[in-house]
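Working notes for the structure below.
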2 protein chains.
Amino acid sequence: MYERKIKRTYICGLDIISEIIGGKWKPCLINLIHKNVLRPSDLQRAMPRASRRALTIQLNELEAHGIITKTIYPVLPPKVEYRLTEIGECLLPITIAMDNWGNEYMDQFKHLLEGKETEQDEGANP
Amino acid sequence: MYERKIKRTYICGLDIISEIIGGKWKPCLINLIHKNVLRPSDLQRAMPRASRRALTIQLNELEAHGIITKTIYPVLPPKVEYRLTEIGECLLPITIAMDNWGNEYMDQFKHLLEGKETEQDEGANP
DNA sequence: CGGTATCCAAGCGGATACTG
DNA sequence: CAGTATCCGCTTGGATACCG
């Protein structure tokens, strides 16, 4: 198990929430699970740009932090489902607002951020 | 100037907003500027855990992204003030909600995240 | 006071191969 | 299908010293 070399301190609220949803794919995972995309393979399909490893790690962290629960069905082939906890659902107003904000200003920032490109469709995302 | 080796793609709204407020101190900066902490030295005092370099870089990025404006007063000693743009103010519902969420669940997560420690007061933060 | 330059540690996460 | 282990490169940001 990996142990941080630099201990973290949590003083203001932003320290906490950045630990909870700061991971690259966490807000996306939360929103997808809320939309009933519950199984790892479905999540993977929904966010093809994330590696399986990244997904597993972030799902584990979300579970450890009490944001989601993990249900393992003892069947073959294995079946796992994640669901939001009550606390996890409290995050939805934030994660959804983030997604909405980004979509609203998407056009404006796409050019700014990507330099000059115009369009280019790649893997789909929620 | 540093140039990314890995180009980024912005497909969903979360990609965009994470680029805008993903920096470690950005939500904090936005909230502080909104609270009329406008000058670099005041911001630095308000968030003693951030290095001057980190602050400068993130302020520059926020400015480049059109979230804040920078006003340089031609006086001695130099005086600089940052202010939120209209778009920047649209972020407030999100950044403030993040801070509130974290504060609300602070106690619950502090123990979980810090391992077992209880209290320890360090630098103050908003 | 405000900003820059250099150097470098540590983290985050991708690629790949493997298990049950 | 779901998860783990190893390796390794990119990026972030801290420390420090210095300029206008």
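Reminder, nothing fancy here: chain letters follow the sequence lines and each chain counts from 1.
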task: Mind checking the CD1-CD1 spacing from A:I20 to A:I94? Nearest 0.5 Å is all I need.
output: 11.0 Å
message: Let me confirm one number: the CG-OG distance from A:L43 to A:S41, rounded to the nearest 0.5 Å.
response: 8.0 Å
Counting any heavy atom closer than 4.0 Å, what does [X] reach on the DNA or RNA strands: base, sugar-phosphate only, or nothing?
{"X": "B:E61", "result": "nothing"}
{"X": "B:R4", "result": "sugar-phosphate"}
{"X": "B:I57", "result": "nothing"}
{"X": "A:N60", "result": "sugar-phosphate"}

Shortest side-chain distance from [X], nucleotide among [options]:
{"X": "B:K5", "options": "D:dG3, D:dT11, D:dA2", "value": "D:dT11"}
{"X": "B:K24", "options": "C:dG14, C:dG2, D:dG14", "value": "D:dG14"}
{"X": "A:R52", "options": "D:dT11, D:dG13, C:dC18", "value": "C:dC18"}

- prompt: For the side chain of A:R53 and the base of D:dG3, is some donor closer than 3.5 Å to an acceptor across the two?
  reply: no
query: Do B:R39 and C:dG2 share a donor-acceptor pair, side chain to base, under 3.5 Å?
result: no
statement: Per the under-4.0 Å heavy-atom filter, residues of residues 65-85 of chain B near DNA chain C come out as B:K70, B:P77, B:P78, B:V80, B:Y82
- prompt: Between A:L59, A:I30, A:L38, which is the residue that forms a side chain to side chain contact (heavy atoms under 4.5 Å, CB included) with A:Y82?
  reply: A:L59
- request: Taking side chain to side chain donor-acceptor pair (under 3.5 Å) as the test, write out the residues that go with A:E19, two or more places apart.
  value: A:R8, A:Y10
